[in-house]
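Following: one structure in structure tokens, then a few remarks.
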Amino acid sequence: DVKVTQSSRYLVKRTGEKVFLECVQDMDHENMFWYRQDPGLGLRLIYFSYDVKMKEKGDIPEGYSVSREKKERFSLILESASTNQTSMYLCASGSPYEQYFGPGTRLTVT
Amino acid sequence: SQKIEQNSEALNIQEGKTATLTCNYTNYSPAYLQWYRQDPGRGPVFLLLIRENEKEKRKERLKVTFDTTLKQSLFHITASQPADSATYLCAGDTAGNNRKLIWGLGTSLAVNP
């Protein structure tokens, strides 16, 4: 079974802090994705990566950056957390034809 | 802009009946559509993919159709069970960038015993 793990299920950070969310997949997938999910707005793509050190902006990249130094690991970085970044963050890996999601990180920025 | 739209109203049905969920696409023609199941507080789980040249696809109690004339996909769960209660998401590929998906907001299904 494909496994996608995320570093934390719940996280509480203060405004202005730098936040790292990590995602690891064990299926040797080239593509990895970071989404955020908010009520009424659905899943929105922040960034994705199609190879090591390769990345592409999604629909809402502002305030975020990513890092992919190894194929299995894709990190999302909030450079200076703000309250409007309070959300559920979901990592996925796979192909465009089938994505496997992690359990999600519920981030609260106070 | 390219859109995937799902019925925002929750669907409540009786156990044993067939649940039918709708996914409409506008302003583009996806090459394929996908359906995912999402339980509260969890990540979506892939269920089925149907391509534009396929009329229908089945997997156990699930059936998906793709109607390019109506610009619509229907997702059916036959002999529904309370365990089928979840939110179901529809997603389509993005014209011009086949690595990205466009997601609907999902339809909540409640199957009552």
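All chains are named by letter (A, B, ...) in the order of the sequence lines, taking the proteins before the strands, and each is independently numbered beginning at 1.
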For this session: Could you look at Tyr100(A) and say if it's the side chain, the backbone, both or neither that has a heavy atom under 4.5 Å from chain B?
Result: neither

For this session: Kindly compute the distance separating SG (Cys23(B)) from CD1 (Ile4(B)), expressed to the nearest 0.5 Å.
Result: 4.5 Å

Seminar exercise, completed: So NZ of Lys53(A) and NZ of Lys70(A): to nearest 0.5 Å the spacing works out to 11.0 Å

For this session: Going by the side-chain hydrogen bond (donor to acceptor under 3.5 Å, both in side chains) test, name the single residue among Asn24(B), Asp67(B), Thr65(B), Thr22(B) that passes it with Gln72(B).
Result: Asn24(B)

Problem set entry | Heavy-atom proximity to chain B below 4.5 Å, by part of Leu90(A) | side chain

Seminar exercise, completed: Among Gln99(A), Met88(A), Arg106(A), the residue with the most heavy-atom pairs under 4.5 Å to chain B is Gln99(A)

Exercise. Below 4.0 angstrom, N of the basic side chain to O of the carboxylate: do Lys100(B) and Asp93(B) qualify?
Worked result: no

For this session: May I ask you to say whether Asp51(A) pairs ionically with Lys71(A), meaning some side-chain N is under 4.0 Å from a carboxylate O?
Result: no

For this session: Could you tell me if the ring centre of Tyr35(A) sits under 6.0 Å from that of Phe101(A)?
Result: yes

Exercise. What are the residues of residues 36-58 of chain B, in order of number, with any heavy atom under 4.5 angstrom from a heavy atom of chain A?
Worked result: Tyr36(B), Gln38(B), Gly41(B), Arg42(B), Gly43(B), Pro44(B), Phe46(B), Leu49(B), Arg51(B)

Problem set entry | Part of Arg9(A) within contact of chain B (heavy atom distance under 4.5 Å) | side chain

For this session: Give a yes or no on whether the ring-centroid distance for Tyr47(A) and Trp34(A) is below 6.0 angstrom.
Result: no

